[in-house]
Visitor: 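I'd like to ask you about the structure that follows.
Sequence lines set the chain letters: A, B, ... in the order given, protein chains first and strands last, and positions in each chain run from 1.
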Amino acid sequence: MPELPEVETIARGLASRVTGDIIESVWLGEKPEPLKSAASEIVATLEKRRIAGVRRVGKHIVFDLVRNGTPDAMASETKRKDKRSANVRIDGSRSSRARLKVPSALSRKGASPSQAEWIVHLGMTGRMLVCRPEVEIEKHTHAIVTLASGRELRFVDPRRFGRLSVSPAFIAAGLEPLDIELQPFTGLFRGRKTPIKSALLNQKLLSGVGNIYADESLFRAGVRPRRRAASLTREDLKRLYVNLKEVLKEAIALGGSSVADYVDADGEEGFFQLQHRVYGREGEPCLTCKTLIKRVVIAGRSSHYCPKCQK
DNA sequence: AATGAAACCTGACAGC
DNA sequence: TGCTGTCAGGTTTCAT
């Protein structure tokens, strides 16, 4: 569901609410699908850690975790030696609210690095909620993290395309659209025969651009989504570069786009959907020239464009 | 190597 | 009311 501006909004909301809090325990649902790392490793990495910060990397939410009372990461401590999975049991019964029990040896000092990261990808329908324990547990809740402040952090994801993982230091595959400079940006598309729309969605090139902002940036740049990436001129690429950054920044300023059911960490909707010029406007007049907006499918994704404004 | 289609899931909505 | 078909903001895997 969420793309870069939505994830940025959610990460900022989470940062303001849970930074400094301490993770007491972790419950993981019975379905293994949302887990990219082993359940035992996630539990062992999260429990008893302090949340030093929350940030966005591409479309990922990254929780920076430090050992409680250890504000600074110990850079040398990056090697992980666990033999812990054997004793960890997953109890999926939501009603009993059973918690994973981690053997005490795992919490001993030195059992894991002092710095770690909890990575959350929301997929299409994932949400992260911060709430009181008495709040009813929604259907499709796959993880509940109990905080020392008495609140809970809950991961809810009906379609289960979201993923949870842990890592010593997560690195996105692609480059950050908001940080990249013009030269590396143009270099990403050199020699690529794939449609520019597909290239923009390729997370190994740029991380964070999704279907809405790909369509919106291409409209602003006046480039048709089916154009071969390599066919874009220097001027096309410059306009795409400028407009992609612009549309992402504007969307972040408005709290992202709420098309279906996206809400941020505080349950607030974004407002950028009101600024969409092509996305979701098939058959409606172009805001610039009144030509009807077309929708085609490119690499399996809906793509919206103005046949007159985009060449 | 690179490209596209299919698969992974559930829910909402339109049309009959 | 309820059935069927379509669509969805993402990523990975498989075939070509």
Visitor: Is A/S198 close enough to B/dT3 that one of its side-chain N or O atoms is under 4.0 Å from OP1 or OP2 there?
Guide: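 A/S198 to B/dT3 OP1/OP2: no side-chain N or O under 4.0 Å.
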
Visitor: A/F161 side chain: which of B/dG11, B/dC8, C/dC7 is closest?
Guide: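 Comparing B/dG11, B/dC8, C/dC7 against the side chain of A/F161, the answer is B/dC8.
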
Visitor: In terms of side-chain heavy atoms of A/R160, which of B/dG4, C/dG10, B/dC9 is nearest?
Guide: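 The closest nucleotide is B/dC9.
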
Visitor: Name the atoms and distances for all side-chain donor-acceptor pairs under 3.5 Å in residues 285-293 of chain A, with sequence neighbours left out.
Guide:
none

Visitor: Starting at the 5' end of DNA chain C, what dot-bracket string do you get if Watson-Crick and G-U pairs under 3.5 Å are bracketed, crossing pairs use [ ], other-strand pairs use | and unpaired bases use dots?
Guide: .|||||||.|||||||

Visitor: Quiz question: going by heavy-atom distance under 3.5 Å, is there a donor-acceptor pair between the base of B/dC9 and the side chain of A/R159?
Guide: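 Check passes, donor-acceptor contact within cut-off.
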
Visitor: Whether A/H140 contacts B/dG11 is assessed here as follows: a side-chain N or O lying under 4.0 Å from the phosphate OP1 or OP2. Is that the case?
Guide: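 True: A/H140 side-chain N/O within range (under 4.0 Å) of B/dG11 OP1/OP2.
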
Visitor: What's the closest nucleotide to the side chain of A/N211 if the choices are B/dG11, B/dT3, C/dG10?
Guide: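 Ranking B/dG11, B/dT3, C/dG10 by closest atom to the A/N211 side chain puts C/dG10 first.
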
Visitor: So which nucleotide from B/dG4, C/dA8, B/dG11 ends up closest to the side chain of A/S302?
Guide: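 Shortest atom-to-atom distance from the side chain points to C/dA8.
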
Visitor: Between A/K139 and B/dG11, is there a side-chain N or O to OP1/OP2 distance below 4.0 Å?
Guide: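 The answer is yes; a side-chain N or O of A/K139 sits under 4.0 Å from OP1 or OP2.
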
Visitor: In terms of the angle between their ring planes, are A/H140 and A/H142 parallel, tilted or perpendicular, with boundaries placed at 30° and 60°?
Guide: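 The rings of A/H140 and A/H142 sit tilted, inter-plane angle from 30° to 60°.
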
Visitor: I'd like the P distance from B/dA5 over to C/dC7, given in whole Å.
Guide: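 After rounding to an integer number of Å, I get 15 Å for this pair.
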
Visitor: Please enumerate all protein N or O atoms sitting under 3.5 Å from an N or O of nucleotides 11-15 of chain C, with distances to 0.1 Å.
Guide:
from	atom 1	to	atom 2	distance (Å)
C/dT11	OP1	A/H121	NE2	2.6
C/dT11	OP2	A/K59	NZ	2.7

Visitor: Could you tell me which non-hydrogen atom of A/T45 sits nearest to which non-hydrogen atom of A/L65, and how far apart they are?
Guide: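 Looking at all heavy atoms of both residues, the closest pair is O-CD1, 3.9 Å.
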
Visitor: I'd like to know if the side chain of A/Y213 pairs up with that of A/E6 as donor and acceptor (distance under 3.5 Å, no hydrogens or angles considered).
Guide: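 Indeed, the side chains of A/Y213 and A/E6 share at least one donor-acceptor pair under 3.5 Å.
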
Visitor: Taking atom P in both C/dC3 and B/dC9, what distance in whole Å separates the two?
Guide: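 Each nucleotide's P atom is 24 Å from the other's.
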
